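One structure is given here, and the rest of the page talks about it.
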Amino acid sequence: MKRFFLAEKMKYRHMAMGGVIFLMPLICVFLSAWLTHVYFFVDSYNWWYTALYPGFLGILCGMLGNKDKRKKNHTIGSLPCSMGKIWDSKILVGAWMSAIATICIVILTILVGKGMQAGLHMDFIAVPSLKAQILAGILIWITTLWEIPFCLLLVQKMGTFLTLIVHMGFYVVLAMIMSLRPWFALFPQAITARIMCPVLGVMPNGLLMQPGQMYYSAQLAEVWAVPVGIAASLVWFGLIWILSRRWFERKVVSK
């Protein structure tokens, strides 16, 4: 599997994928610093996992999927290897690159925040601890892995543009609405936003976890949501991976 992974990575070494990986977190951090000021830390992460990160994954999967799709998958269909392993390698490359982007958002948020405190003497509201920010980055990555096979599948079926519209549209709506429900784990789009409530102290709508805030509920701060969310997201990841892999194998082999 290592050879497939390395081969898949090499296919994109001359593309703009590396720029996208660093540019999207930079845009998120810049907009948060420019527009929200004292709520910089809270909004940097909230805007990332509710909107910009799903968009980033849609673009990333578009790059991963379109290179072969433009040639109707003939270039890989003629290879003497399992098409399932080709699909697996695309998912693993996507997971690797999404991990880099997540590391970037955490590091940039911490560094820019420290810079604003030192250079502009900015006093922020609700600054998460360093441990909480690192934990948030890890959880964001783990609970969004399911999006990679899902978006790769959508790209194969409808192209990058429609994938972005469909994926981001459903993601934002479900993240805002279903994450507030006790059964949030049944909707993978709602999991990340829900578990960030106890981790970062921010609700899916970006408001602080404080009594009196719109949609505030003491249940949102309960820690049990974190292990439940992790388990559910990994189940979704495995399920979508298996189903999309079987579909891709049948599609390529049938041509």
Side-chain angles (χ1 to χ4, degrees), residues 25 28-29 31-33 35-57 98-99 101-103 105-106 108-110 113 123-147 150 167-240:
C28 182
V29 172
L31 289 175
S32 301
L35 297 175
T36 62
H37 305 300
V38 295
Y39 291 98
F40 164 72
F41 280 95
V42 168
D43 287 331
S44 181
Y45 292 111
N46 182 257
W47 292 1
W48 179 247
Y49 61 77
T50 57
L52 288 174
Y53 191 52
F56 160 75
L57 289 179
S98 67
T102 306
I103 292 171
I105 192 69
V106 174
L108 286 172
T109 300
I110 293 171
D123 291 325
F124 296 106
I125 296 176
V127 180
S129 67
L130 182 61
K131 290 182 179 180
Q133 294 183 66
I134 294 174
L135 177 60
I138 295 172
L139 293 177
I140 289 171
W141 180 69
I142 291 174
T143 57
T144 55
L145 285 173
W146 65 270
E147 294 183 57
F150 181 71
H167 178 54
M168 289 189 67
F170 276 103
Y171 194 99
V172 172
V173 172
L174 292 176
M176 294 297 175
I177 298 175
M178 294 304 172
S179 59
L180 303 175
R181 304 292 190 265
W183 54 86
F184 71 95
L186 298 177
F187 299 88
Q189 297 89 342
I191 293 173
T192 306
R194 176 57 178 270
I195 67 175
M196 288 300 110
C197 295
V199 173
L200 293 177
V202 57
M203 293 188 291
N205 57 11
L207 298 177
L208 298 179
M209 287 285 299
Q210 296 175 349
Q213 297 279 27
M214 185 181 297
Y215 301 123
Y216 171 81
S217 170
Q219 286 74 26
L220 294 178
E222 294 177 351
V223 181
W224 65 264
V226 176
V228 169
I230 293 173
S233 62
L234 291 177
V235 170
W236 279 111
F237 179 44
L239 181 61
I240 297 173

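As the structure is a prediction and not an experimental result, all values here were calculated from the model.
Rounding to the nearest 0.5 angstrom, the gap separating the CE atom in Met203 from the CG atom in Leu207 is 4.5 Å. Between the OG atom in Ser233 and the CD1 atom in Ile195 there is a gap of 7.0 Å [rounded to 0.5 Å]. Between Ile110 atom CD1 and Ile134 atom CD1 the span is 5.5 Å, to the nearest 0.5 Å. Rounded to the nearest 0.5 angstrom, Trp236 CH2 and Trp146 CH2 are separated by 8.5 Å. Distance check: Leu234 CG to Ile142 CD1 gives 6.5 Å after rounding to the nearest 0.5 Å. Atoms OG1 and CD1, from Thr102 and Ile105 in turn, are 8.5 Å apart once rounded to the nearest 0.5 Å.
Nearest heavy-atom pair across Pro204 and Cys197 is CD-SG, 3.7 Å. Across every non-hydrogen atom of Thr144 and Ile140, the tightest pair is OG1-O, 2.6 Å. Taking each heavy atom of Arg194 and Arg181 in turn, the nearest pair found is NH1-O, 2.9 Å. Pro128 and Ala126 get closest at one heavy-atom pair: CD-O, 3.3 Å. The two residues Leu200 and Ala132 come nearest to each other via the heavy atoms CD2-O, 4.0 Å.
Legend: residues meeting ring-ring contact (aromatic ring centres under 6.0 Å, His included) with Tyr39, ordered by chain and number and at least two apart, are absent. Applying the side chain to side chain donor-acceptor pair (under 3.5 Å) rule to Ser179 yields no partners; only residues at least two apart in sequence or on another chain are considered. Scanning for side-chain contact (heavy atoms from CB on, under 4.5 Å) contacts around Ala101 gives Ile21, Pro25, Trp48, Phe56, with sequence neighbours left out. For Val173, the side-chain contact (heavy atoms from CB on, under 4.5 Å) partners at least two apart in sequence or on another chain are Ile177. Take Tyr49 and apply the ring-ring contact (aromatic ring centres under 6.0 Å, His included) test, not counting sequence neighbours, and it matches no residue. With sequence neighbours left out, the side chain to side chain donor-acceptor pair (under 3.5 Å) criterion links Thr143 to Thr192.
Within the 4.5 Å cutoff, the side chain of Leu57 has no heavy atoms near those of the Phe150 side chain. Side chains of Asn46 and Met196 form no contact here, defined as non-hydrogen atoms less than 4.5 Å apart. Within the 4.5 Å cutoff, the side chain of Phe40 has no heavy atoms near those of the Ile125 side chain.
The side chain to side chain donor-acceptor pair (under 3.5 Å) pairs that include a residue from residues 213-226 are Ser217-Gln219, Glu222-Trp224, where partners are two or more places apart or lie in different chains. Applying the side chain to side chain donor-acceptor pair (under 3.5 Å) definition to pairs two or more places apart or across chains, those involving residues 128-142 are Tyr45-Gln133, Ser98-Trp141.
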Under 3.5 Å, which donor-acceptor pairs link side chains of residues 183-191 to any protein atom two or more places apart or in another chain?
none

Working note: Met176 + Thr50, criterion side chain to side chain contact (heavy atoms under 4.5 Å, CB included); need CA distance, chi angles, decisive distance, verdict. CA-CA 8 Å; Met176 294 297 175; Thr50 57; 4.3 Å; yes
Give the C-alpha distance, both sets of side-chain angles, the deciding distance and a yes or no for side chain to side chain contact (heavy atoms under 4.5 Å, CB included) between Asp123 and Val38. CA-CA 6 Å; Asp123 291 325; Val38 295; 5.9 Å; no
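The aromatic rings of Phe124 and Phe41 lie perpendicular to each other, with more than 60° between the two planes, well past the 30° mark.
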